[in-house]
Structure formats: C-alpha cells, structure tokens
Amino acid sequence: MSDEVQRAVAALREGGLIGLPTETVYGLGADASNELAVRRIFAVKGRPSNHPLIVHVASLEVARHWAHSWPNEAEILANAFWPGPLTLIVERSALASDAVTGGQDTVGLRVPDHPLALEVLTLFGGGVAAPSANRFGRVSPTTAKHVRDELGGDVELVLDGGACRVGVESTIVDVSGASPRILRPGGVPKEAVERSLGRAVPLATAVTDVRAPGLLESHYAPRAGLWLVTASELPSELAKRLATGAKVAVVAPSDVTVPEGVVRFQVPLDDAGYARALYATLREVDERGLDVVLAVPPPESGVGLAVVDRLRRASAPRGR
Ligand code: TXA
Ligand code: MG
C-alpha cells in the first residue's frame, strides 16, 4: 500500500475531495456517506444538485449494501463486467442519501477496473461518490494532469494512475425498471450487454431525463465549435470553414487524408483506440486556441457508439 493511497483514504475520511484514476476517466471522489463532502463535489464541478452521482465500490458485495433490491439482471451484468466500465442503476438502500442520488429512488453503482482505484476503495471500505473530474458540461479528464489543470486547487490530492485505458465513461444500464435500458453508451459495448442478458437492451432516448446530465444534448464540449462530418464531406466542409478565416482542426482516423495547412489530429482507426484518444485530443484543440473542429467519427459499433454519442453532444449548438 503506497503512501499516496493512504493519504487519499485519509482525505476521504476527513471529508476531502480527491482526483481518482479509473479505467474510463478520472473521477472527483468524496465519501458517499458524508453529505457535506458530497455537496462539495457539486460546488466544485458547478453541477446542478439534482443530478445524481455514481457510487464507486470495491466489490459486488459492497455494492449490494447500497441497493434495496438486487435484480437478476444486476447480478448477471455485475458478474460479467465488474470490475469494469459498467454502472448499474438499481433501487437505493438507506445508505444512498438524497445528496448522492439527487433525490431519486435509485442509485448508480460501479466497481472500476483500475488498480489504484481498487486499492483506495478496498482500504476505504465504503462508497466513493465520483463524477468525472471536470467542470460541468466540459470535456472529461483522462490524465492526472488534466485534473490538476482543471481542478487542482479544489482537491486534496490527485492520484496519478496514468492515462485512462478506456477513455470514455462507463456504460450506464438501468436495471431498476421492468426491462433494462442503456442510459448512456460507454466502455462496455451495447452488444456485450445484450449478449450477457440474452435480449435486446434499448438506448434510452436523450433529454427525456435531464437528471442524467451525461444525456444532456450539450455536454462533453470543448470551447472550439465542433462539427461531425463524413470523410467524403470533409474536403468541401474544410473549404467552407477555411474561407471564413477560422483556425480549423481535423480529428480523423489515420486513413483520412487532409490538405496541408490544416491542424491534423490523427486518431486510431479502431473504436477502442479512437475512444482512448478522444478527450485528450479535444483538450489539445482548446489548448492550441483553434476555433473549429471537424470530426470524422468511427463506425457506431462497440465502443464506437459511445464515441459518436460524445461527439454529437460535444457538437450541439451552444449559442455560438
Ligand atoms: O466512467 C464513469 O462513469 C465516470 C468515472 C469517474 O467512474 N463517472 C462519470 O460520472 O461519468 P458523471 O457524474 O460524470 O456521470 C454519471 C452519470 C450522469 O449522467 C448521471 O446522471 C448518471 O450517471 N446517474 C447516476 N446516478 C443515476 C441514477 N440514479 N439514475 C439515473 N442516472 C444516474
Ligand atoms: Mg461527466
């Protein structure tokens, strides 16, 4: 057990906030049983307080304490994907306060697959409430540096667990109702969830539930304006943007060619590689002061579904 992990757990016990590495994105963690600490998360993120947080735990056994009931689907999916990039929405037990659930009767639970996160959660023993460690509506962090740059002054410490292996947030599956649905596509492919349950699991339609901010139309957004284009539309779209004098970036898989003079961010062709590179790329676009991003999305299969989802939300108009 490293000193850093012990300091992180001490900070949690004292009601402090920590930067917590996970395999998806970095979290802004607090003791989920400490209402004051949980409220600090909302204050630091600038997040509306009725938006629920995910409670991170060390194991399936601990997760069950946070649930009032544990449906069969929860058991199947937890056994298949935990530790891993899957969040289960279940009916809450008395452990889950209104502060954590935004007043809803359900709670989101996840066992992350990252050695440092698991050490912290095991030593801590309880639940750690952790949204992504970014300001509300902005790009999620995938390195410790991203967290320090954005929230450094507001956290006790940031554990450095390296660059996130998955790169987009967990898949959220709501198993609290009559039939399971996916509230947010993420690191576990929809196809894999369906294979495990042996049935189709539909995606919940966006904006019907504003309490899942990850489902808001505009989210995960860089400062630059972002547009989704196909590889064949790219040349004409580029010409149009460049004619306005804007500083234009192209985010595209390595098989797409781009004219000289345009800032090119090359992302891997495969869905998992694209996911891993996505957020760091959008941050770099902003750091370099570019105005416009034209993004060529990956195919919508596997983790590609989550990448396309995030690109769509990042591209939603925000009054510009
Ligand atoms: O991969 C992840 O899930 C990362 C890492 C840190 O674990 N966390 C994350 O948290 O993405 P956050 O707060 O940025 O997004 C959590 C999403 C939100 O859209 C929230 O509304 C939804 O989970 N959520 C949490 N509890 C819920 C509940 N009881 N019912 C419906 N949605 C819920
Ligand atoms: Mg988030």
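Numbering of ligands and ligand atoms starts at 1, following listing order.
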Open item on the list: With side-chain hydrogen bond (donor to acceptor under 3.5 Å, both in side chains) as the criterion, how do Glu169 and Tyr279 come out once you've worked through the C-alpha distance, each side chain's angles and the decisive distance to 0.1 Å?
Closed with: CA-CA 11 Å; Glu169 296 80 354; Tyr279 290 143; 2.8 Å; yes

Do the side chains of [X] and [Y] get close enough for a salt bridge, i.e. N-O under 4.0 angstrom?
X: Glu191; Y: Arg195; value: no
X: Asp270; Y: Arg276; value: no
X: Arg181; Y: Asp174; value: yes
X: Glu287; Y: Lys145; value: no

Going by the atom numbers of ligand 1, which of them fall below 4.0 Å from some non-hydrogen atom of [X]?
X: Thr24; value: 1 (O), 2 (C), 4 (C), 5 (C)
X: His56; value: 5 (C), 6 (C), 7 (O)
X: Leu183; value: 31 (C), 32 (N)
X: Val107; value: 29 (N)
X: Pro52; value: 20 (C), 21 (O), 24 (N), 25 (C), 26 (N), 27 (C), 28 (C), 33 (C)
X: Ile172; value: 17 (C), 22 (C), 23 (O)
X: Glu169; value: 1 (O), 2 (C), 11 (O)

TODO: Report whether Val188 and Leu203 are members of the same hydrophobic cluster (ILVMFWY, side-chain heavy atoms less than 4.5 Å apart, transitive linking).
DONE: yes

Open item on the list: Which option wins on minimum heavy-atom distance to atom 14 (O) of ligand 1: Ala133, Ser176, Ser132?
Closed with: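 It is Ser132 that holds the nearest heavy atom.
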
Open item on the list: Out of Gly167, Pro112, Gly27, who is nearest to atom 6 (C) of ligand 1 when you count heavy atoms only?
Closed with: Gly27

TODO: To the nearest 0.5 Å, tell me how far Thr87 OG1 sits from Phe81 CZ.
DONE: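 That separation rounds to 13.0 Å.
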
TODO: Quick one: pull up CG in Leu123 and CZ in Arg13 and give me the separation to the nearest 0.5 Å.
DONE: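 If we round to the nearest 0.5 Å, Leu123:CG and Arg13:CZ are 5.5 Å apart.
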
Does ligand 1 have a heavy atom under 4.0 Å from the side chain of [X], from its backbone, from both, or from neither?
X: Thr106; value: both
X: Asp174; value: neither
X: Arg184; value: side chain
X: Thr101; value: neither

Open item on the list: Any heavy atom of His51 closer to ligand 1 than 4.0 angstrom?
Closed with: no

Open item on the list: Is Arg47 close enough to touch ligand 1? Criterion: a residue heavy atom under 4.0 Å from a ligand atom.
Closed with: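 So Arg47 counts as touching ligand 1.
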
Give yes if a backbone or side-chain nitrogen or oxygen of [X] is under 3.5 Å from a nitrogen or oxygen of ligand 1, and no if not.
X: Tyr26; result: no
X: Thr22; result: no
X: Ser170; result: yes

TODO: Step by step, work out the side-chain hydrogen bond (donor to acceptor under 3.5 Å, both in side chains) result for Thr142 and Arg283.
DONE: CA-CA 10 Å; Thr142 53; Arg283 277 174 187 265; over 6 Å; no

- [ ] Please check if any side-chain donor atom of Trp227 sits under 3.5 Å from a side-chain acceptor atom of Glu237, or the reverse.
- [x] no

Task: Nearest heavy atoms of Asp31 and Leu12, plus distance in Å - done: CB-O, 3.7 Å

Open item on the list: Set out, in order, the CA-CA distance, both residues' side-chain angles and the distance that settles side-chain hydrogen bond (donor to acceptor under 3.5 Å, both in side chains) for Arg184 and Ser170, then state yes or no.
Closed with: CA-CA 8 Å; Arg184 177 179 73 184; Ser170 59; 3.2 Å; yes

Open item on the list: Could you check whether atom CG of Asp3 has more than 12 heavy atoms from other residues, nucleotides or ligands sitting under 6.0 Å from it?
Closed with: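 Open: at most 12 neighbouring heavy atoms sit under 6.0 Å from CG of Asp3.
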
Task: Expected output: side-chain His146 to main-chain Thr143 donor-acceptor under 3.5 Å - done: yes

Open item on the list: Using a cut-off of 2.8 Å, how many protein N, O or S atoms sit around the Mg ion (ligand 2)?
Closed with: 1

Open item on the list: Which residue in the set Leu109, Thr101, Thr106 passes side chain to side chain contact (heavy atoms under 4.5 Å, CB included) when paired with Ile89?
Closed with: Thr106

